[in-house]
Participant: 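Here's a structure for you.
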Amino acid sequence: MMTTQTHGFSCACCLPAGFPGGKGVSRRAVLAGLVAAPLLIPGAVRAADGAVFDSMLLSCIDPRMVTPVGDYMFGRGLRGKFSQFVIAGAAIGVVAPQFASWQPAFWDNLGTSIKLHGITRLIAIDHRDCGAAKIAYGEGAVATRALETETHQKAATAFRAEMTKRQPTMKLEIGLMALDGGIEMFV
Ligand SMILES: [Zn+2]
């Protein structure tokens, strides 16, 4: 079965009241129970095959990582089932003080994907030889493989703490990918 969306929720006129920028449905209608006040907005987009969406991917802008990160997600059977937020440094981009001005955009987008797509998991994939890690913490922080691992581990820990505070029910996986696509997961 095909479903048709006129504007989708990218258009402010279709956003329910109470949703940032939205004015399409009155608050009175929401309060009257005419419109469910939802975790997932009624009419939110679905996968083409009707499947429930699963995750948001958080990955780095590095062009070398586009293919291996995609291969990793597809290899897990998540093709077409994840939203994606791309930011320099991935998890580092979301927690490093150097990039503080970017960070509200991530949290707002995560909240939007929860509402629109019903995602329940965030998969963050940092990577080795990441230029953003050097900008954020200095060359010395990634000077050896061990230091690089430690730097990403610290960012992962900070990211997990922030996620727990902001979206406590969100499942979180954080990995560090090598340029060849091999991945180690932080726990
Ligand atoms: Zn990077």
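Every heavy atom of this structure was used, including side-chain atoms; hydrogens, water molecules and symmetry mates were not. Here the structure is a predicted model, which means the values were calculated and not measured.
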Participant: Using the rule that Ile, Leu, Val, Met, Phe, Trp and Tyr join whenever any side-chain heavy atoms are under 4.5 Å apart, tell me whether Met73 and Phe53 fall into a single cluster.
Facilitator: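 In one cluster: no.
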
Participant: Side chains of Leu179 and Met65, heavy atoms from C-beta outward: is any pair under 4.5 Å?
Facilitator: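 The answer is yes; the side chains approach within 4.5 Å.
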
Participant: With rounding to the nearest 0.5 angstrom, report the OG1 to NZ distance, Thr120 to Lys171.
Facilitator: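 Answer for the OG1-NZ pair, Thr120 versus Lys171, is 3.5 Å.
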
Participant: Side chains of Leu78 and Arg121: does their closest heavy-atom pair fall under 4.5 Å?
Facilitator: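 Yes, their side chains come closer than 4.5 Å.
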
Participant: Does Arg79 have more than 12 heavy atoms from other residues, nucleotides or ligands lying within 6.0 Å of its CZ?
Facilitator: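 Counting neighbours around CZ of Arg79, 12 or fewer heavy atoms of other residues, nucleotides or ligands fall under 6.0 Å, so no.
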
Participant: Okay, side chain of Gln98, backbone of Gly93: is any donor-acceptor separation there less than 3.5 Å?
Facilitator: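 Not confirmed, Gln98 side chain does not pair with Gly93 backbone.
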
Participant: Measure across Gly111 and Gln167 and return the closest heavy-atom pair with its distance rounded to 0.1 Å.
Facilitator: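 Closest pair (atom of Gly111, atom of Gln167, distance): CA-NE2, 4.3 Å.
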
Participant: Nearest 0.5 Å, what's the CE-CG distance between Met56 and Leu122?
Facilitator: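 Met56 atom CE to Leu122 atom CG measures 7.0 Å (nearest 0.5 Å).
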
Participant: Please say yes or no: joined through hydrophobic side-chain contacts below 4.5 Å, possibly via intermediate residues, are Ile61 and Ile87 part of one cluster?
Facilitator: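 No.
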
Participant: If you measure from the Lys or Arg side-chain nitrogens to the Asp or Glu carboxylate oxygens, is any gap between Glu173 and Arg160 under 4.0 Å?
Facilitator: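 A salt bridge is absent here (no side-chain N lies under 4.0 Å from a carboxylate O).
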
Participant: Decide side chain to side chain contact (heavy atoms under 4.5 Å, CB included) for Val94 and Phe99; before the verdict, give the C-alpha distance in whole Å, the side-chain angles of both, and the deciding distance to 0.1 Å.
Facilitator: CA-CA 7 Å; Val94 174; Phe99 304 135; over 6 Å; no

Participant: Please tell me if the side chains of Arg145 and Glu150 come closer than 4.5 Å, counting only heavy atoms from C-beta onward.
Facilitator: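 Answer no - side chains too far apart.
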
Participant: How about Leu172 and Ile174: do any of their side-chain heavy atoms sit closer than 4.5 Å?
Facilitator: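 The answer is yes; the side chains approach within 4.5 Å.
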
Participant: Check Ala88 against Ala132 and note the closest heavy-atom contact, atom names and distance.
Facilitator: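 Result for this residue pair: C-CB, 3.6 Å.
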
Participant: May I ask you to decide if the ring planes of Phe82 and Phe74 are parallel, tilted or perpendicular, using 30° and 60° as cut-offs?
Facilitator: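 If you compare the ring of Phe82 with that of Phe74, the planes turn out tilted.
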
Participant: Indicate the atoms forming the closest heavy-atom contact of Ala158 with Val95, along with that distance.
Facilitator: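 Heavy-atom minimum between the residues: C-CG1, 4.0 Å.
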
Participant: For Ala96 and Ala136, work out which heavy atoms get closest and say how close.
Facilitator: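 Of all heavy-atom pairs spanning Ala96 and Ala136, the closest is CB-CB, 3.7 Å.
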
Participant: Specify the closest pair of heavy atoms between Ala155 and Ile92, including all atoms of both residues, with the distance to one decimal.
Facilitator: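 Looks like CB-CG1, 3.6 Å.
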
Participant: Check Lys134 with Glu148, please: is the shortest side-chain N to carboxylate O separation under 4.0 Å?
Facilitator: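 Result for this pair is no, no salt bridge flagged.
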
Participant: Is the shortest heavy-atom distance from the side chain of Ile183 to the side chain of Ile125 under 4.5 Å?
Facilitator: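 Counting from C-beta outward, Ile183 and Ile125 do come under 4.5 Å.
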
Participant: Check the pair Leu110, Arg166 against side chain to side chain contact (heavy atoms under 4.5 Å, CB included), reporting the backbone distance first and the verdict last.
Facilitator: CA-CA 10 Å; Leu110 177 63; Arg166 292 171 181 264; over 6 Å; no

Participant: Got a second to check how far Tyr72's OH is from Ser59's OG, nearest 0.5 Å?
Facilitator: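 With rounding to 0.5 Å, OH (Tyr72) is 12.5 Å from OG (Ser59).
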
Participant: Nearest 0.5 Å please: distance from the CD1 atom of Ile119 over to the CG atom of Leu57.
Facilitator: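 That separation rounds to 10.5 Å.
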
Participant: Report the C-alpha separation of Phe106 and Leu58 in whole Å, then their side-chain angles, then the decisive distance to 0.1 Å, and conclude whether the side chain to side chain contact (heavy atoms under 4.5 Å, CB included) test is met.
Facilitator: CA-CA 9 Å; Phe106 167 74; Leu58 171 65; 4.0 Å; yes

Participant: Less than 4.5 Å apart, side chain to side chain, heavy atoms only: is that true for Glu162 and Gln103?
Facilitator: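 They are not in contact (no side-chain heavy atoms under 4.5 Å apart), so the answer is no.
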
Participant: Nearest 0.5 Å, what's the OG-CG distance between Ser113 and Asp108?
Facilitator: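 If I round to the nearest 0.5 Å, the distance is 12.5 Å.
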
Participant: Can you hop from Phe159 to Ile114 via hydrophobic side chains spaced under 4.5 Å?
Facilitator: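 Yes; tracing contacts between hydrophobic side chains, which count when under 4.5 Å, links both residues.
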
Participant: A side-chain contact here means heavy atoms from C-beta on lying under 4.5 Å apart; do Leu176 and Met185 qualify?
Facilitator: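 A side-chain contact is absent here, since even the closest heavy-atom pair is not under 4.5 Å.
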
Participant: Indicate yes or no: at least one non-hydrogen side-chain atom of His117 is less than 4.5 angstrom from one of Thr112.
Facilitator: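 The answer is no; the side chains never approach within 4.5 Å.
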
Participant: Considering all heavy atoms of both residues, which atom of Gly181 and which atom of Pro68 are nearest to each other, and what is their separation?
Facilitator: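 Heavy atoms only, the tightest pair is CA-CB, 3.9 Å.
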
Participant: Applying the 4.5 Å side-chain criterion to the ILVMFWY set and letting contacts propagate, would Met177 and Val66 be lumped into a single cluster?
Facilitator: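 No; tracing contacts between hydrophobic side chains, which count when under 4.5 Å, never links both residues.
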
Participant: Please round to the nearest 0.5 Å and tell me the distance separating atom CH2 of Trp107 and atom CE of Met163.
Facilitator: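 It is 4.5 Å, given to the nearest 0.5 Å.
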
